[in-house]
2 protein chains.
Amino acid sequence: MIVLSVREPAELLRQHGLSITAQRIAVLRAVANRPHSTADVLTEDVRAEIGVVSRQSVYSALGILADKGVIRRIQPAGSPALYEDRAGDNHHHLICRTCGKTVDVDCAVGQRPCLTASDDAGFQIDEAEVIYWGTCPKCLEARTDG
Amino acid sequence: MIVLSVREPAELLRQHGLSITAQRIAVLRAVANRPHSTADVLTEDVRAEIGVVSRQSVYSALGILADKGVIRRIQPAGSPALYEDRAGDNHHHLICRTCGKTVDVDCAVGQRPCLTASDDAGFQIDEAEVIYWGTCPKCLEARTDG
DNA sequence: GTAAAATACCTGACTGTGTCCAAATTTTAA
DNA sequence: TTAAAATTTGGACACAGTCAGGTATTTTAC
């Protein structure tokens with residue numbers, strides 16, 4: 001099992017005013033090792049690292065980390081929530097309709113982009129969530145083979 | 001109860017090769033009368049119109065209508081699926097984080113836009129789903145009042 | 001218009017994500 | 001070290017949506 005050093009997970013937690021617990025550190029590591037994973041998958045990874053953890057602890061850690069902006073949660077249609085450690089840069093996602101493969105895409109417009117709708121209807125917009133749906137190279141190939 | 005004539009719902013069904021049933025017609029009318037509604041809300045509306053309908057029939061009708069492109073389904077994070085009759089023009093949405101109010105936004109770029117990611121990673125993109133998150137005028141006002 | 005075939009509908013049980021609660025444990029501050 | 005605060009735990013629960021079958025309706029062919 002590969003464990004990347006996530007710029008000192010404990011340090012990250014402290015910076016955000018969160019208590020440092022083995023569970024949270026393991027969750028941070030799991031998200032960093034396998035971005036775009038579901039809570040269930042991450043729970044397995046966490047268990048592989050620290051042995052035992054409750055489902056609720058993982059949900060709670062993911063929830064509070066997402067709230068604090070340490071990680072990001074995305075909820076694509078027809079899929080449970082996915083978590084990734086790349087947060088705060090408002091990047092977007094490309095999802096394969098066939099296999100669910102998810103990859104990051106930088107925003108086409110610039111650094112903090114996409115926050116302008118053609119007509120904002122008086123809303124104060126704070127985030128533009130963009131998901132590109134399509135078919136990944138592998139599934140395209142499989143289709144032409146069939 | 002206001003019932004708009006939805007360009008002859010029966011005609012719409014026929015055009016898409018679907019059997020014409022009272023349930024489907026009522027579902028189409030409900031979606032047209034109250035866009036951005038959940039399946040539950042639409043089920044109530046359908047019952048108000050034709051008396052009795054099963055949950056599954058509404059789900060099934062919504063599913064097949066969305067598949068055929070007659071209506072559109074959106075699944076915002078933290079909300080059950082919403083349905084709208086404006087389909088096929090790839091418009092986007094503006095959602096209030098506080099009250100959930102959802103409004104349509106035309107795409108800033110043009111007619112069939114947004115299908116270009118900065119790096120498509122070899123994917124064949126068929127849809128760009130854009131959700132602008134923010135606070136609606138009413139909730140902004142309520143906040144400054146408090 | 002009628003009968004056969006195809007399609008859709010209904011009842012009821014079930015699954016998968018995610019949340020709520022009170023008790024026990026761990027972390028933090030003094 | 002000790003007490004207060006925060007976190008974790010286990011179990012039950014809620015919600016949206018799906019599956020399977022038998023029955024009723026619609027469509028098609030005559």
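Only this structure's heavy atoms are used, side chains among them; waters, hydrogens and symmetry mates stay out.
Comparing Ser19(B) and Gln75(B) by the nucleotide of DNA chain D whose heavy atom lies nearest to each, the residue mapping closer to the 5' end is Gln75(B). Mapping Ala22(B) and Ser79(B) onto DNA chain D by nearest heavy atom places Ser79(B) closer to the 5' end of the strand.
Closest to the side chain of Ile20(A), from the set dA16(D), dC9(C), dT28(C), is dT28(C). Between dT28(C), dG18(C), dT11(C), one nucleotide has an atom nearer to the side chain of Ser54(B) than all others, and that is dT11(C).
Distance Leu42(A) CG to dT17(C) P: 13 Å, rounded to the nearest Å. The separation between Leu13(A) atom CG and dT26(C) atom P is 18 Å, rounded to whole Å. Atom CG in Asp67(A) sits about 11 Å away from atom P in dT19(C), given to the nearest Å. Atom CG in Leu62(B) sits about 14 Å away from atom C1' in dC9(C), given to the nearest Å. Distance OH (Tyr59(B)) to C1' (dT11(C)): 16 Å, rounded to an integer number of Å. Between Glu44(B) atom CD and dA16(D) atom P there is a gap of 12 Å when expressed in whole angstrom units. Spacing between atom NZ of Lys68(A) and atom P of dT7(D) amounts to 9 Å, rounded to whole angstrom units. Atom CG of Asp40(A) and atom C1' of dT19(C) are 15 Å apart (whole Å).
Ion pairing between Asp106(A) and Arg86(A) holds under the 4.0 Å rule for side-chain N and carboxylate O. Using a 4.0 Å cut-off between a side-chain N of Lys or Arg and a carboxylate O of Asp or Glu, Arg47(A) and Glu44(A) do not qualify as a salt bridge. Remark: Asp85(B) does not engage Arg73(B) in a salt bridge, criterion side-chain N to carboxylate O under 4.0 Å.
With hydrogens and angles ignored, a donor-acceptor pair closer than 3.5 Å exists between the side chain of Arg55(B) and the base of dG17(D). In the interface, the side chain of Gln56(A) is paired with the base of dT19(C) through a donor and an acceptor atom under 3.5 Å apart.
Contact annotation for Ala61(B): no contact, since no heavy-atom pair falls under 4.0 Å across all strands.
Between the side chains of Glu84(B) and His93(B), at least one donor N or O lies within less than 3.5 Å of an accepting N or O.
A donor-acceptor contact shorter than 3.5 Å is absent between the side chain of His91(A) and the backbone of Asp104(A).
Side-chain N/O atoms of Arg24(B) include one lying less than 4.0 angstrom from OP1 or OP2 on dA8(C). At dT26(D), none of the side-chain N or O atoms of Thr21(B) fall inside 4.0 Å of OP1 or OP2 (strictly under the cut-off). At dT8(D), one or more side-chain N or O atoms of Ser60(A) fall inside 4.0 Å of OP1 or OP2 (strictly under the cut-off).
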